[in-house]
Amino acid sequence: MNTVNGGISFWYAQDGAPVPREPLPGDSTADVCIVGGGYTGLWTAYYLKKAVPFLNITVLEARFCGYGASGRNGGWLYNGIAGRDRYARLHGHDAAVRLQQAMNDTVDEVVRVAGEEKIDADIHKGGVLEVARTPAQLQRLKDFHSVEIAFGEKDRLLLGARETAERVHVSGAVAGSWTPHGARLHPVKLVKGLAAAVEALGVTVHESTPVTEIRPKHAVTPYGTVRAPYILRCTEGFTASLKGQHRTWLPMNSSMIITEPLPDDAWDEIGWSGRETLGDMAHAYMYAQRTADNRIAIGGRGAPYRYGSRAATTAETARTGPATVEALREILIRFFPRLAGAQIAHAWSGVLGVPRDWCATATLDRSTGLGWAGGYVGSGVATSNLAARTLRDLIQQDSGQSGPTDLTALPWVNHKVRKWEPEPLRWLGVQTLYTAYRRADRLEAATHTPTTARLATLADRISGRH
């Protein structure tokens, strides 16, 4: 069996590429113009149209809905949000607790809407299991668990080696931390279903329509300009391609592989009957799920960044480097030695958006009508939904249709951050950081030190992650 390398993702290879929608036919007007047809843009259109049915909403997508991270991710619908600890320092612990509770609720909100709209996205709410495999990872896991409890996750469990193995038999795992606030899903089935639901509500969606510039009340494309009081940028890892946005969010590359369907005797050994999403406490961490058809999809950072903030625009033919595929395969076998002979069916990559301070945000500039949401740093499957509901509330507040809400008061709203450094500093910095993280992981595994490698701590400080 040969590994398919490239295409868009396994999820599209399995579910099929969508029939393209018509591009923008020329200049037009709308009440709200949304740039980007991924989760953020589609969820925003969905909630705005449900709240105010008479709104004229147009979504502009450069390729097709779900072409970016929404159609390539690991299928982790979970309650993590980038920047929560920083928001606690900036706005107080209680404000960050409210943000975390909103994320906990968001997992159930996505499940609810999928059911209501009859979107069959292979959703299984088995929670999230994070494991530790070295003494240093164990200490980080305990610290992580304590912090999550302090932010209100009273239903989170700290598991010993035996309890962890009873859930998923990860080789060498010494402990785990499990939260119920997570689910496994099929990313493409969700984005296709959401796009169909949005259109059914009466939202206009134009595909094959790249936006080259966003300015107040204007979204400029090669086919014409959409004029609207509100222009919302929902472009995540592709933000750098817009005029004036080259250093706004860094497009970080993440790669995945997926196995062939595994036989029953393999699952008898691995367990994983709860179908939790699975992660670890490494600095260069991994993420995985057991799919509905009994494969393992596993991902991590390969070559994390392309010089000049270039995102793959020809991903139908783009390939994941052999070294990255092999590195992910090694993680798979390290976790599950039984799978040494398992065939890798597909490998692919995608980009996610990283702000300079690694903090997600939802923003509306009331003076210009420009809004944006993103910077999810890999946690966008759920965070995009919270962002969309927040943008809805911000627009309704600005237009006088409602007042402030619990969502508009969350600490990530209207957060400002400085731009990334120019090249070549940006490229050199990212390469150095991830080299440091990988070396720190190897050092911790080799020495069995119970403390985090100083190299990783230094990298965290330099990167702005902590």
Side-chain angles (χ1 to χ4, degrees), residues 1-15 72-76 122 124 126 128-134 137 161-162 164-176 184-188 253-282 284-303 318-350 438 441-442 444-446:
M1 176 181 181
N2 293 324
T3 299
V4 176
N5 192 329
I8 305 162
S9 68
F10 166 79
W11 312 119
Y12 273 113
Q14 184 182 54
D15 202 61
R72 305 167 193 252
N73 63 82
W76 271 47
D122 296 342
H124 180 87
V128 183
L129 177 65
E130 307 275 3
V131 301
R133 300 181 65 252
T134 69
Q137 288 185 22
R162 181 177 297 177
T164 300
E166 287 172 354
R167 289 179 177 270
V168 186
H169 190 195
V170 175
S171 178
V174 295
R184 180 269 342 253
L185 57 75
H186 189 298
V188 163
N253 194 62
S254 195
S255 300
M256 294 196 70
I257 60 172
I258 192 166
T259 68
E260 63 183 346
L262 301 176
D264 290 344
D265 60 335
W267 291 116
D268 289 342
E269 184 174 330
I270 294 169
W272 215 342
S273 60
R275 298 180 185 264
E276 302 89 342
T277 55
L278 176 67
D280 73 347
M281 286 287 121
Y285 53 85
M286 55 76 72
Y287 51 94
Q289 67 149 289
R290 177 179 175 177
T291 67
D293 61 345
N294 292 322
R295 304 169 187 261
I296 293 178
I298 185 169
R301 305 290 186 263
R319 293 174 60 84
T320 300
T324 298
V325 175
E326 184 57 28
L328 290 172
R329 182 178 176 276
E330 287 176 359
I331 295 173
L332 175 72
I333 296 170
R334 198 181 311 141
F335 274 54
F336 307 112
R338 167 71 168 72
L339 302 184
Q343 295 295 312
I344 304 303
H346 203 125
W348 70 97
S349 298
R438 293 188 183 101
D441 284 331
R442 289 195 295 269
E444 291 174 0

Please report the shortest heavy-atom distance between [X] and [Y], naming the atom on each side.
X    : Y    : answer
W11  : N73  : NE1-O, 2.8 Å
T164 : A173 : CG2-CB, 4.2 Å
V131 : F335 : CG2-CE2, 4.0 Å
G274 : H124 : O-NE2, 3.2 Å
G300 : L328 : N-CD2, 3.6 Å
G6   : H346 : O-NE2, 3.0 Å

| field | Listed partners of Y12 passing ring pair (Phe, Tyr, Trp, His ring centres under 6.0 Å), at least two apart | value | F64

| field | For F10, all residues meeting ring pair (Phe, Tyr, Trp, His ring centres under 6.0 Å), sequence neighbours excluded | value | none

| said: Can you list everything that forms a salt bridge (charged side-chain N to carboxylate O under 4.0 Å, His left out) with R275? Sequence neighbours excluded, please. | reply: none

| remark: Taken in chain and number order and not counting sequence neighbours, the residues that satisfy salt bridge (charged side-chain N to carboxylate O under 4.0 Å, His left out) with D264 are none

| Non-neighbouring partners of D15 that pass side-chain contact (heavy atoms from CB on, under 4.5 Å), sequence neighbours left out | H186, V188, K189, K192

| field | Note: E276-R167 ion pair, threshold 4.0 Å (strictly below) | value | yes

| Considering residues at least two apart in sequence or located in another chain, which fulfil the side chain to side chain donor-acceptor pair (under 3.5 Å) criterion with T291? | D293

